[in-house]
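In what follows, chains carry the letters A, B, and so on, assigned in the order in which the sequence lines appear, proteins first and then strands, with residues in each chain numbered from 1.
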Protein chains: 2
Amino acid sequence: MTETKPRYHHGDLPSTLLHSARVLLEQDGIAALKLRAITRHAGVSATAATPHFGNLSGVLSALAAIGFNELTAAMSNTTHKTMRDIGLAYIRFAIANPGLFTLMFRNDSIDRTTPDLQNASEKALSCLADLPSDTPPSSPLDKAAQMASAWAKVHGLAILAIDGQLQALTPQPLTPILLEKLLANTLSIK
Amino acid sequence: MTETKPRYHHGDLPSTLLHSARVLLEQDGIAALKLRAITRHAGVSATAATPHFGNLSGVLSALAAIGFNELTAAMSNTTHKTMRDIGLAYIRFAIANPGLFTLMFRNDSIDRTTPDLQNASEKALSCLADLPSDTPPSSPLDKAAQMASAWAKVHGLAILAIDGQLQALTPQPLTPILLEKLLANTLSIK
DNA sequence: GTGTGTATCTTTGCGGTGTAAAGATATGCG
DNA sequence: CGCATATCTTTACACCGCAAAGATACACAC
């Protein structure tokens with residue numbers, strides 16, 4: 001990024017492409033994630049991504065993996081490893097990075113079998129799975145149900161918040177402060 | 001559908017196009033929802049949808065509206081108007097119509113301001129909102145939090161189920177019977 | 001009935017897309 | 001220095017959404 005002199009061999013094209021992709025994503029939404037738009041933004045030819053990522057899905061998968069890593073970091077940075085705090089970190093990440101978060105779960109655009117992506121998403125999931133449950137599970141299925149319950153609620157809330165559909169639930173306009181209160185209240189509901 | 005004689009004026013092209021779109025959707029996934037593919041499947045020219053739906057977004061929005069109406073019907077057909085039964089109906093619909101359900105919440109492909117779609121989605125949401133809460137809400141925000149909690153959990157579960165990510169939570173392979181048990185258990189968690 | 005306006009559908013054309021294949025260029029290593 | 005190789009560009013092609021113009025058949029006034 002500091003070196004703008006145009007040379008045939010870019011030097012660090014992969015990260016430059018991912019940067020461009022992310023800028024376009026948060027700027028113009030997920031519909032702007034075209035391969036040609038990304039390479040155009042990066043100042044290279046339309047097929048320059050091929051040697052590094054193979055195809056568009058490869059670029060988006062790499063970007064999604066970055067997203068999962070950042071999500072993991074956000075959840076790991078919480079002081080209290082409680083459902084409430086980790087859930088809030090999860091949802092705050094989604095609200096702060098709506099395009100990226102959407103991409104991370106758009107399975108017809110990314111390739112979940114990519115090793116990097118698979119590792120990154122598993123690590124993020126384990127942050128939620130390792131939460132201490134208030135009532136000890138009576139069976140493996142019950143344990144799975146507890147994890148699914150937490151996962152689903154947090155993930156569902158994040159999606160509703162991004163889509164602006166929580167607005168429909170409140171009489172007043174939903175300011176950021178009110179949204180935070182709503183999230184906290186919702187996560188407190190056992 | 002009973003009349004296959006090809007005539008210049010199709011007669012019932014809108015519903016035929018929506019039918020084709022739905023077939024392609026459940027057959028080849030949401031990525032197959034191209035305007036040209038839909039019209040090709042319906043046996044008409046590539047731009048035949050224009051007078052009826054305007055553009056691709058119009059077709060997909062109409063299809064999404066159908067989805068919301070069917071979802072509403074599924075939730076209305078439950079005998080017990082409980083969180084558990086209505087939630088199960090919601091999730092079962094999603095599992096039975098994964099492509100359609102995904103489309104219904106893909107806001108960069110559909111146009112939520114379409115009147116039909118807006119009405120249909122509001123009706124579906126009200127089915128969840130009108131659930132009796134076990135503890136009376138202490139404030140409007142608390143009421144919103146209760147609704148968000150139910151909405152989020154059910155919606156999150158549906159998405160996780162569709163994406164096959166509940167598999168990651170269980171040690172054994174997730175048979176349909178086991179999935180039903182897991183869903184019931186998860187929804188019972190208060 | 002007949003004529004005409006209009007809605008419906010087709011044809012054509014254009015700029016955009018992803019990506020395969022082949023060519024150009026720089027790098028790195030023997 | 002020489003050359004294999006990785007990296008990037010150019011070219012080409014099939015596909016896409018959609019605007020515009022043409023063809024067709026319906027509907028309704030007369």
Separation of atom CG in A:L13 from atom P in C:dT25, rounded to whole Å: 18 Å

Are the side chain of B:S126 and the backbone of B:A129 linked by a donor-acceptor contact shorter than 3.5 Å? no

Examine the side chains of B:D116 and B:T114 and answer whether a donor and an acceptor come within less than 3.5 Å of each other. no

How many whole angstroms separate atom CZ of A:F53 from atom P of D:dT7? 12 Å

Just distance, no hydrogens or angles: give the donor-acceptor pairs under 3.5 Å from side chains in residues 27-46 of chain A, sequence neighbours left out.
unit_1, atom_1, unit_2, atom_2, d
A:T39, OG1, A:L35, O, 3.0
A:T39, OG1, A:R36, O, 3.1
A:H41, ND1, A:S20, OG, 2.8

Taking atom types as modelled, is there a side-chain donor on B:S188 or B:N185 under 3.5 Å from an acceptor on the other? no

Using the side chain to side chain donor-acceptor pair (under 3.5 Å) rule, collect all pairs that involve residues 61-77 of chain A, keeping only residues at least two apart or in two chains. A:R22-A:E70

Rounded to 10°, the helix from C:dG1-D:dC30 to C:dG30-D:dC1 deviates from straight, judged by its five-pair end axes, by 0°

How would you summarise protein contacts on nucleotides 16-21 of chain D per nucleotide, using B for base, S for sugar-phosphate only and - for none, with heavy-atom distances below 4.0 Å? BBBB--

Tell me the interatomic distance from B:L17, atom CG, to C:dT8, atom C1', rounded to whole angstroms. 12 Å

Any side-chain heavy atom of A:P98 within less than 4.5 Å of one from A:E26? yes

For A:H52 and D:dC8, is the shortest distance between a side-chain N/O and OP1 or OP2 below 4.0 Å? yes

With B:T79, which residues qualify under side-chain contact (heavy atoms from CB on, under 4.5 Å), at least two apart? B:D85

Under 3.5 Å, which donor-acceptor pairs do the side chains of residues 154-174 of chain A form with other protein atoms, sequence neighbours left out?
unit_1, atom_1, unit_2, atom_2, d
A:H155, ND1, A:Y90, OH, 2.9
A:T170, OG1, A:Q167, O, 3.4
A:T170, OG1, A:Q172, O, 3.0

